[in-house]
Novice: 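One structure coming up, written as structure tokens, with questions to follow.
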Amino acid sequence: MSRRNLLLGAGALFTLPTERARAPERASLREAAARSGRRFGAAARAEQIAAEPDLAEALLVECDALTPEISMKWDAIEPEPGRRDFSRSDALLRFATENGRALHGHTLIWHRSIPPWAEAALAEGAGWAPVAAHFEAVLGRYGNEIATWDVVNEPIDTGHRMDGLRDGTFLRAFGEGYIERAFHEARAHAPGAVLFLNEYGLDYDIPVERDRRYLFLKLVERLRQAGAPLGGIGLQGHLDLRKGPFSEPLFAGFLRDLSGFGLEIHITELDVREHDLTAPPLVRDRLVAEIAKRYLDVALDCAAVRAVSTWGLSTRHSWLAIEPEDLDFYWRLVGGQGKGPGFNRGLPYDSDMRPAPMREAILAAFERRPLGF
Ligand code: XIL
């Protein structure tokens with residue numbers, strides 16, 4: 001993709017006669033997604049967009065929608081009770097709307113983003129009021145402009161209870177009804193939004209993820225039966241080359257079961273954690289692209305899957321930081337030679353903002369499933 005086309009933005013390409021006369025460029029991810037009747041997006045941070053023009057350009061070329069990676073979480077919004085900071089979310093929303101892009105609201109309830117003061121208050125019996133105030137503040141501000149919301153994130157955890165609910169602050173404070181209650185609370189403040197339940201660890205053919213799939217389906221079933229205003233399912237899709245094996249038929253069966261609820265499904269946080277950091281970069285890129293393609297081929301065979309987002313666009317910002325213990329292992333194996341493994345490579349763009357093989361994999365997966373297949 002040329003820099004000129006990056007700057008023009010994908011939409012403009014087709015409106016300029018001089019451009020039209022040229023040999024057609026490869027499609028952007030959002031164009032390929034549109035031809036598949038889907039949307040493509042990525043998680044992003046306003047500060048990074050402001051500081052890095054190449055990131056801003058690539059996001060606009062490739063994405064229909066952006067997900068706030070951090071800024072809309074409860075601890076980011078309300079670090080102290082009642083003192084709310086919307087500046088970074090406002091900036092991201094401004095960037096998106098000024099460029100005709102959508103935001104996906106992420107996330108109202110997540111056990112890893114409860115501010116410490118709220119954690120203490122909920123544990124001490126403050127009741128639902130802090131949760132209601134948080135929903136009211138966030139949805140009151142953005143509920144009309146943002147059409148899709150992750151209301152509850154990661155409620156499943158195996159090994160504690162028969163129903164598979166995570167043994168955490170919300171469950172302890174409110175009992176198992178808290179998920180349903182959260183959906184009703186969100187609906188009250190955002191009457192027109194599509195409300196999502198978002199979950200990880202539903203991908204692989206390994207015992208813990210088989211359990212998680214079963215427990216997740218049961219949870220969705222209970223929420224539907226109880227009449228919770230659930231409109232969508234988010235499958236995070238954090239793939240992991242250390243986990244394996246991935247089974248196409250098993251994942252397809254899970255998507256079939258999920259489709260039975262009549263909800264739209266989004267792949268919300270696709271990326272790939274690597275296994276062998278000592279392999280040559282080309283091999284690492286191939287392994288990342290291969291699993292992304294296998295996963296998306298199954299996902300896009302399912303008509304209920306309406307959107308795909310990656311968790312970041314460029315590996316420059318991957319949340320999958322390479323940990324010190326990974327580095328020790330790496331240096332031992334390579335005998336202290338070379339430059340080090342660099343960044344985790346499991347996203348569509350490399351750290352120099354060049355398209356990586358995973359981008360081709362996503363593009364090919366969309367192209368394999370044109371609209372009306
Ligand atoms: C992650 C962010 O990427 C990190 O920067 C932050 O420190 C922790 O949260 N599942 C989710 C996302 O739903 O919100 C998480 O994002 C990644 C896992």
Side-chain angles (χ1 to χ4, degrees), residues 41-52 55 59 63 65-79 85 88-89 91-92 103-116 118-119 134 138 142 146 148-158 165-166 168-170 179 182 186 195-204 208-209 212 216 219 230 232-243 265-274 292 295 307-324 343-349 351:
R45 300 188 206 177
E47 321 81 87
Q48 291 168 349
I49 290 173
E52 301 165 34
L55 173 66
L59 286 169
C63 298
L66 302 177
T67 305
E69 186 189 346
I70 294 174
S71 64
M72 230 172 250
K73 291 168 180 165
W74 193 358
D75 54 354
I77 294 264
E78 195 180 4
D85 175 7
R88 288 171 305 155
S89 290
L92 193 66
L103 279 199
H104 174 69
H106 176 83
T107 167
L108 290 161
I109 280 190
W110 185 34
H111 65 284
R112 284 175 57 189
S113 66
I114 314 172
E119 187 102 44
H134 168 56
V138 176
Y142 302 119
I146 300 181
T148 55
W149 286 89
D150 291 334
V151 176
V152 179
N153 193 28
E154 305 185 350
I156 297 288
D157 189 24
T158 54
L165 291 188
R166 178 177 299 282
T169 308
F170 289 102
I179 300 176
L195 305 178
F196 279 73
L197 182 68
N198 196 42
E199 188 55 272
Y200 75 96
L202 304 165
D203 319 297
Y204 283 92
V208 64
E209 299 206 354
R212 293 179 60 82
F216 187 68
L219 172 59
L230 173 67
I233 299 294
L235 306 179
Q236 292 187 3
H238 289 294
L239 304 179
D240 189 335
L241 294 173
R242 300 170 311 185
K243 274 188 185 169
I265 302 173
H266 291 191
I267 308 300
T268 49
E269 305 186 13
L270 183 68
D271 62 6
V272 183
R273 187 185 286 273
E274 293 183 86
Y295 184 82
V308 175
S309 282
T310 50
W311 202 243
L313 190 66
S314 146
T315 58
R316 188 189 291 168
H317 303 300
S318 174
W319 75 301
L320 299 172
I322 290 179
E323 305 294 342
F343 293 82
N344 177 76
R345 302 180 78 89
L347 281 172
Y349 275 64
S351 56

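First listed ligand is number 1; within each ligand, the first listed atom is number 1.
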Novice: Would you mind listing which atoms of ligand 1 come within a distance below 4.0 Å of any non-hydrogen atom of Arg45?
Specialist: 5 (O)

Novice: Does the distance from a Lys or Arg side-chain N to an Asp or Glu carboxylate O, for Arg112 and Glu154, drop under 4.0 Å?
Specialist: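 No, this pair does not count.
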
Novice: Considering non-hydrogen atoms of the protein only, which is the closest contact for atom 2 (C) of ligand 1, and what is the distance?
Specialist: Glu69 OE2, 3.3 Å

Novice: Need the ligand 1 atom indices (1-based, order shown) with element for anything under 4.0 Å from a heavy-atom of Asn153.
Specialist: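 Per the distance check, 11 (C), 13 (O).
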
Novice: When you measure from the heavy atoms of Met72 to every atom of ligand 1, does any distance fall below 4.0 Å?
Specialist: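 So Met72 does not count as touching ligand 1.
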
Novice: Answer with side chain, backbone, both or neither: which part of Tyr200 has a heavy atom less than 4.0 angstrom from an atom of ligand 1?
Specialist: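 None of Tyr200 does.
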
Novice: For atom 7 (O) of ligand 1, which protein heavy atom lies nearest, and how many Å away is it?
Specialist: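 Going atom by atom, the protein heavy atom closest to atom 7 (O) of ligand 1 ends up being Ile70 CD1, 4.7 Å.
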
Novice: Using a 3.5 Å distance criterion without hydrogens, assess whether the side chain of His106 forms a donor-acceptor pair with backbone atoms of Met72.
Specialist: no

Novice: Using a strict cut-off of 4.0 Å, indicate which atoms of ligand 1 neighbour a heavy atom of Trp110.
Specialist: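 Ligand 1 atoms under the 4.0 Å threshold to Trp110: 9 (O), 14 (O), 15 (C).
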
Novice: With a 4.0 Å cut-off on N to O distance, would you call Arg242 and Asp240 a salt bridge?
Specialist: yes

Novice: Looking at atom 10 (N) of ligand 1, what's its closest protein heavy atom, distance included?
Specialist: Glu269 OE1, 2.9 Å

Novice: Under a 4.0 angstrom heavy-atom cut-off, which atoms of ligand 1 come close to His238?
Specialist: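 Selected atoms, number and element: 10 (N), 18 (C).
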
Novice: Within 45 degrees of the ring normal and closer than 6.0 Å to the centroid, is that where the cationic atom of Arg212 sits relative to Tyr200?
Specialist: yes

Novice: Just which atoms of ligand 1 are under 4.0 Å from any heavy atom in Lys73?
Specialist: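 Near Lys73, meaning under 4.0 Å from one of its heavy atoms, ligand 1 has 1 (C), 2 (C), 9 (O), 12 (C), 14 (O), 15 (C), 16 (O).
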
